[in-house]
2 protein chains.
Amino acid sequence: MRRPDGQSPPAQACPIGPVVDLVFSRWTTPILWTLNIYGRMRYVEIERTLGTITPKVLTQRLRQLERDGLVKRTYLPQVPPRAEYEITELGRSLAPVFSALVEWSGSNLTEVERARSDYDSSRG
Amino acid sequence: MRRPDGQSPPAQACPIGPVVDLVFSRWTTPILWTLNIYGRMRYVEIERTLGTITPKVLTQRLRQLERDGLVKRTYLPQVPPRAEYEITELGRSLAPVFSALVEWSGSNLTEVERARSDYDSSRG
DNA sequence: CTGGATCCCTCAGGATACTG
DNA sequence: CAGTATCCTGAGGGATCCAG
């Protein structure tokens, strides 16, 4: 979508906007992280691992991730039913992104905290 | 913060939770991106570059980024006043993270879109 | 120009209860 | 077990006005 003045629209100002919405919306990172570590998991296992997520939200996020091709859902209509989720290859391809975040976190998070306390103490 | 049952709290399930909140909260990515490209900018220049952000929110985000040490603010109480913002070294250290996102975006975003249309068409 | 102060409003997300 | 249905809150964000 272009503006009449020929300028780029605001979203274009940041080329990673779409992928940020995709990967870093609420709960998606913990879900992908968990599935990446533990492999194929049942619905209730994910729920318990995440701890505080409600079933409604968990289902929402899993559907979104499935639609985006990052997670694969397998449903077995047994009694009791069984639904299993696993990360896809496309999902695993995010590994370098996550690694970069882990590395940055390890190297710079303390400096962020220091900056915060500096800022707070200089203001009161 | 540990729970009485000795289990890890949900946030710990994903070690990059904190950094995600830090870097990928709303508008922070476009702001950092813009400052990284254009260098030192005045308040109104950032505002115009982002296009749709309101002054209230822009100030909120800039303050947050300043507090976290990712952005440096220089205020000159002239008439008219002048406020300039620039990315810090700590802010620039996020470059590898952003690069990883750009690269992933270029390689896999089309596949995400394909997954979405597949998902949508298979349901109606 | 650089914001602070206010009002408002949506809507993502949480709590709770219930079904196949 | 694996969700759906319903209701609800509150916090983020938009709009507007105002001040230094």
Side-chain angles (χ1 to χ4, degrees), chain A residues 9-11 13-14 17-18 20-32 34-35 38 40-68 71-86 119 123-124, chain B residues 3 9-11 13-14 17 20-31 34-35 38 40-68 71-86 119 123:
Chain A
C14 181
V20 168
D21 291 343
L22 188 69
V23 180
F24 299 106
S25 53
R26 194 162 174 83
W27 287 113
T28 58
T29 325
I31 291 173
L32 287 176
T34 302
L35 287 177
Y38 294 99
R40 176 181 278 232
M41 293 176 85
R42 302 187 60 170
Y43 180 90
V44 74
E45 290 173 335
I46 305 175
E47 191 178 10
R48 279 199 272 260
T49 302
L50 297 181
T52 59
I53 195 171
T54 60
K56 170 192 164 185
V57 176
L58 177 56
T59 300
Q60 280 179 352
R61 289 298 101 110
L62 285 171
R63 288 291 184 283
Q64 173 190 326
L65 289 169
E66 186 193 1
R67 189 175 103 101
D68 291 341
V71 159
K72 180 167 182 286
R73 175 175 179 259
T74 310
Y75 184 77
L76 298 82
Q78 311 169 342
V79 179
R82 178 178 265 262
E84 290 180 343
Y85 296 87
E86 56 190 323
Y119 183 94
R123 313 251 161 169
Chain B
R3 296 194 308 193
C14 179
V20 168
D21 292 343
L22 187 70
V23 181
F24 299 107
S25 54
R26 193 161 174 86
W27 286 112
T28 57
T29 325
I31 290 174
T34 301
L35 287 177
Y38 295 99
R40 177 183 275 233
M41 293 176 85
R42 302 187 59 172
Y43 180 90
V44 73
E45 289 173 334
I46 305 175
E47 190 179 10
R48 280 198 272 261
T49 302
L50 297 181
T52 60
I53 195 171
T54 61
K56 170 191 166 185
V57 176
L58 177 56
T59 300
Q60 279 179 352
R61 289 302 106 133
L62 285 171
R63 288 292 181 282
Q64 172 191 326
L65 290 169
E66 185 192 3
R67 191 175 102 99
D68 291 340
V71 159
K72 179 167 181 286
R73 173 176 182 258
T74 309
Y75 184 77
L76 298 82
Q78 312 170 342
V79 179
R82 174 180 269 261
E84 291 181 342
Y85 296 87
E86 56 190 323
Y119 183 93
R123 313 251 160 170

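Letters go in sequence order (proteins before strands), and every chain restarts at 1.
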Which residues share a side chain to side chain donor-acceptor pair (under 3.5 Å) with A:Q64, sequence neighbours left out: A:S25, A:R61

Inter-axis angle, terminal five-pair segments of the helix from C:dC1-D:dG20 to C:dG20-D:dC1 [nearest 10°]: 50°

Side chain to side chain donor-acceptor pair (under 3.5 Å) involving B:T54 - partner list, sequence neighbours excluded: none

Criterion side chain to side chain contact (heavy atoms under 4.5 Å, CB included) on B:W27 and B:L62, from CA distance to verdict: CA-CA 10 Å; B:W27 286 112; B:L62 285 171; over 6 Å; no

First of A:K56 and B:E84 reached from the 5' end of DNA chain C, by closest nucleotide: B:E84

Along DNA chain D (nearest heavy atom to each residue), the more 5'-positioned of B:T54 and A:E45: A:E45

With A:T59 via side chain to side chain donor-acceptor pair (under 3.5 Å) - residues at least two apart: A:Y43

Sub-4.0 Å heavy-atom contacts from residues 71-80 of chain B onto DNA chain D, ordered by number: none

Any B:R63 side-chain heavy atom under 4.5 Å of B:R67 side chain: no

Salt bridge (charged side-chain N to carboxylate O under 4.0 Å, His left out) contacts touching residues 74-83 of chain A (sequence neighbours left out): A:R82-A:E84

OG1 on A:T34 to CG on A:L50, rounded to 0.5 Å: 5.0 Å

Salt bridge (charged side-chain N to carboxylate O under 4.0 Å, His left out) partners of A:E86, counting only residues at least two apart: A:R40

Worked check of side chain to side chain contact (heavy atoms under 4.5 Å, CB included) between A:L58 and A:I31: CA-CA 9 Å; A:L58 177 56; A:I31 291 173; 4.0 Å; yes

Partners meeting side-chain contact (heavy atoms from CB on, under 4.5 Å) with B:Y75 (sequence neighbours left out): B:R73, B:P77, B:P81, B:A83

Span of DNA chain D in contact with chain B (heavy atoms, under 4.0 Å): D:dG13 to D:dG20

Side-chain heavy atoms of B:V57 within contact of B:R26, under 4.5 Å: no

Leading and trailing nucleotides of DNA chain C with any atom under 4.0 Å from heavy atoms of chain B: C:dC1 to C:dC7

A:L35 side, atom CG; A:K72 side, atom NZ - distance, nearest 0.5 Å: 13.0 Å

For A:F24, all residues meeting ring pair (Phe, Tyr, Trp, His ring centres under 6.0 Å), sequence neighbours excluded: B:F24

